Amino acid sequence: MTMAQGYDAWERSFYDHQNANADVVQSPQVAEIEMKGVVIDGRSNSGHSPRSVTRQASDPKQPPKGPMVTAGPVVSIGPAPPSEPRSGPGIFAPRWEEGKSFSIQSPGGGRKTVVMPKKNKVWVTYIITLTQAIIAILQLTGTPVVPGSLAPWGLGIYEEQFRVPLFSGNQTLVVQKAENPYYGPKTERILEWGAKYAPCMRDSIENDRAESIKQSETRFGCCKLDGECGMMNSSTCASFGGTFDGEGIECSSCNIVLRPCCYGVIYQCSVQRKEYCSALDGHFNEDVQTCGESNCLNSICGMGANEDPGQAPNQAWRFFLPIMLHAGLIHAVLNLLVQLQLGGELEKVSGWWRFTLMYFGSGIGGNIFAAVFVPDQISVGASSAIYGLFGVDFVLLFHFWKITENKFSSLCCSIISTILYLGVGTLPWIDNWAHFGGFLTGLLLGNILLPFFSWSGWKRRTGFIVSLILFILGLITMLSYFYTNQEPEFCSWCKYVSCIPYTDGLCDSQEAS
């Protein structure tokens, strides 16, 4: 079967050509609408004379208002049966009525009239939104797997001071961390929940940092002091007044109080006491004695990562999980309000399974796009999928322009909403590259999956085939480049598209220091 033949079979699942010479094209969903008062090629489906067809009144208490006379093959469409009340005005209000028609060019020449069917029920949008709202709350309260956290609100860096014990004596430790402008969790917890972050998804420069740390520990040995011990070099041991057993000799027969502490969201490790590590909000590895024996990416990335030192977790599901996560309650509320209205309207038109494919396909496509251009930037949010819905919305607006109510206000509303979201994308943890990728993916998936178009015949077939080829090629190209290019700075200016430093430290690497 050729691609064109395959497309014909695909198209027939959308359009039921009831008669080769018919002037009305109906999708399978239109069968739910009782077409009383429609005359096709001089025949009436209501059984009346083709010269005099009586409409069925929408209100059974009201008598028919008289005949509707047609001549020749002219198509006359009566009012649609009663439907549920239309929703009120909103950002993405309904743009056409059920039963409304528009004309397209038929494959064999001439014109055909497409009748908009009864809208589908909305339920996938509600389930996705409810799930995302629950997860946003759990990110603050915590779960048995990932503890909850709440970072100070703000747009900069905050400092915390701790009095922590060293191997001998105490020290005041000043820790700098990022504030959260969305009333949400700390950066480390956002990452553990499954944010997009390349070092957790492929081999990266983090492995070079791990090797450098391992080389710095080549002269480590056991240092003992007052029954306690830990691994360090001889000069550090002497500064504490301890006894150095020799290079390469691990500690035994003593209370080992110093262990590797992995902290921050880049590969940082130091052999310290547990109290010191807790002040850094780090992960204290009690199974080994040196950082070279530990893989900090396991603790940084979480989610069951248990790779050997020098190996990346390769968590490919991070292309999907960020769609369900948010950087805080404010971020979640902004996204979910738009998603409820825009997603609800698109699900009514496309149906649940097409909507699901377009939503998650756009979200994953957007995250792959972002992982290529800003691989080491942590990002979460449903906005990659929502931008895909923006793309689908523009496709619908283009094809339904003739029957769209308030054409230019609808177009302006869509454009303004798209631009406003780009502004939000210049803040931390929200990725404009994911927005761009989601939008482009939404445009392609809209052309592939939507069941109604103003094109027909070769135009519709060409649009379908070209969009499908571009989608597959784009997916393969982006994934290939992501897994082969491990240089995070190949595009030095790309990070400023996703984060603009409105305040000092706002776009700095989100790490404890």
Side-chain angles (χ1 to χ4, degrees), residues 164 166-168 171 173 175-176 188 191 197-225 228-252 254 256-302 305-315 375-376 378 483-490 508-513:
V164 295
L166 302 176
F167 185 54
S168 176
Q171 182 184 45
L173 181 67
V175 181
Q176 292 185 336
E188 295 87 349
L191 187 54
Y197 187 51
C200 298
M201 305 163 70
R202 66 170 189 197
D203 292 334
S204 66
I205 197 173
E206 304 300 318
N207 294 332
D208 296 335
R209 291 195 183 103
E211 184 63 27
S212 177
I213 292 173
K214 185 177 181 179
Q215 291 297 322
S216 68
E217 296 179 331
T218 54
R219 307 191 69 177
F220 271 27
C222 184
C223 179
K224 298 179 180 178
L225 179 66
E228 296 180 335
C229 57
M231 298 292 287
M232 62 187 74
N233 58 40
S234 58
S235 59
T236 304
C237 183
S239 67
F240 286 126
T243 302
F244 189 69
D245 286 352
E247 294 180 4
I249 300 177
E250 292 190 345
C251 295
S252 60
C254 56
I256 304 176
V257 295
L258 302 182
R259 299 281 187 180
C261 173
C262 298
Y263 60 95
V265 296
I266 65 174
Y267 209 111
Q268 298 178 98
C269 185
S270 178
V271 180
Q272 299 291 347
R273 286 182 180 268
K274 190 172 185 177
E275 296 83 357
Y276 191 106
C277 191
S278 296
L280 291 174
D281 201 16
H283 297 267
F284 191 71
N285 195 332
E286 299 186 16
D287 298 327
V288 294
Q289 297 188 32
T290 63
C291 290
E293 301 173 281
S294 177
N295 187 347
C296 284
L297 285 177
N298 291 337
S299 54
I300 291 171
C301 301
N306 189 26
E307 303 295 330
D308 294 331
Q311 300 297 317
N314 293 318
Q315 297 174 341
D376 285 356
I378 298 171
Y483 282 109
T484 55
N485 174 51
Q486 299 178 14
E487 176 54 54
E489 294 297 333
F490 82 99
D508 292 346
S509 297
Q510 305 299 307
E511 60 192 59
S513 61

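Bear in mind that the values here come from a model prediction, so they are computed numbers and not experimental data.
With rounding to the nearest 0.5 Å, the separation of CG in Asn295 from CD1 in Ile300 is 8.5 Å. Separating the CZ atom in Arg202 from the OG1 atom in Thr484 is a distance of 8.5 Å, to the nearest 0.5 Å. Glu247 contributes atom CD, which lies 7.5 Å from atom OG1 of Thr218 (distance to the nearest 0.5 angstrom). Asp376 contributes atom CG, which lies 10.0 Å from atom SG of Cys200 (distance to the nearest 0.5 angstrom). We find the OG-CZ distance between Ser239 and Phe167 to be 10.0 Å, quoted to the nearest 0.5 Å. Note: Lys224 NZ to Ile256 CD1 = 9.5 Å, rounded to the nearest 0.5 Å.
Using a distance-only test at 3.5 Å, with no hydrogens or angles considered, no donor-acceptor pair links the side chain of Tyr267 to the main chain of Pro199. Of the possible polar contacts, one joining the Gln315 side chain to the Gly302 backbone as a donor-acceptor pair under 3.5 Å is found. Gln311 contributes no side-chain N or O that, together with a main-chain N or O of Asp308, makes up a donor-acceptor pair within less than 3.5 Å.
For Asp281, the salt bridge (Lys or Arg N to Asp or Glu O under 4.0 Å) partners at least two apart in sequence or on another chain are Lys177, Arg189. Partners of Cys277 under the side-chain contact (heavy atoms from CB on, under 4.5 Å) rule, at least two apart in sequence or in another chain, are Cys261, Phe284. Residues meeting the salt bridge (Lys or Arg N to Asp or Glu O under 4.0 Å) test with Glu228, sequence neighbours left out: Arg273.
The shortest distance between side-chain heavy atoms of Tyr263 and Ser270 falls below 4.5 Å. Side-chain contact between Val271 and Glu217 is present, with heavy atoms from C-beta onward closer than 4.5 Å. Contact annotation: the side chain of Cys262 approaches that of Ser294 to within less than 4.5 Å [non-hydrogen atoms, C-beta and beyond]. Counting only heavy atoms from C-beta outward, the side chains of Glu307 and Leu297 never approach each other to under 4.5 Å. When side chains are defined from C-beta on, Met231 counts as touching Cys251, because their heavy atoms get closer than 4.5 Å. Looking only at side-chain heavy atoms (C-beta outward), Phe220 and Gln289 stay at 4.5 Å or farther from each other. Inter-residue side-chain proximity for Thr236 and Phe244 is flagged as unmet; no heavy-atom pair is nearer than 4.5 Å.
In terms of heavy atoms, Gly292 sits closest to Pro309 at O-CB, 3.9 Å. Minimum interatomic distance between Val164 and Ala279 (heavy atoms only, all atoms of both residues): CG1-CB, 3.8 Å.
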What do the steps show when you test Arg259 against Glu286 for salt bridge (Lys or Arg N to Asp or Glu O under 4.0 Å), and what is the final call? CA-CA 6 Å; Arg259 299 281 187 180; Glu286 299 186 16; over 6 Å; no
Can you check disulfide bond (SG atoms under 2.5 Å apart) on Cys291 and Cys296, steps first, answer last? CA-CA 8 Å; Cys291 290; Cys296 284; 5.9 Å; no
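For the cysteines Cys254 and Cys222, the sulfur (SG) atoms lie at a distance of at least 2.5 angstrom from each other. Between Cys223 and Cys229, the SG-SG separation does not fall below 2.5 Å.
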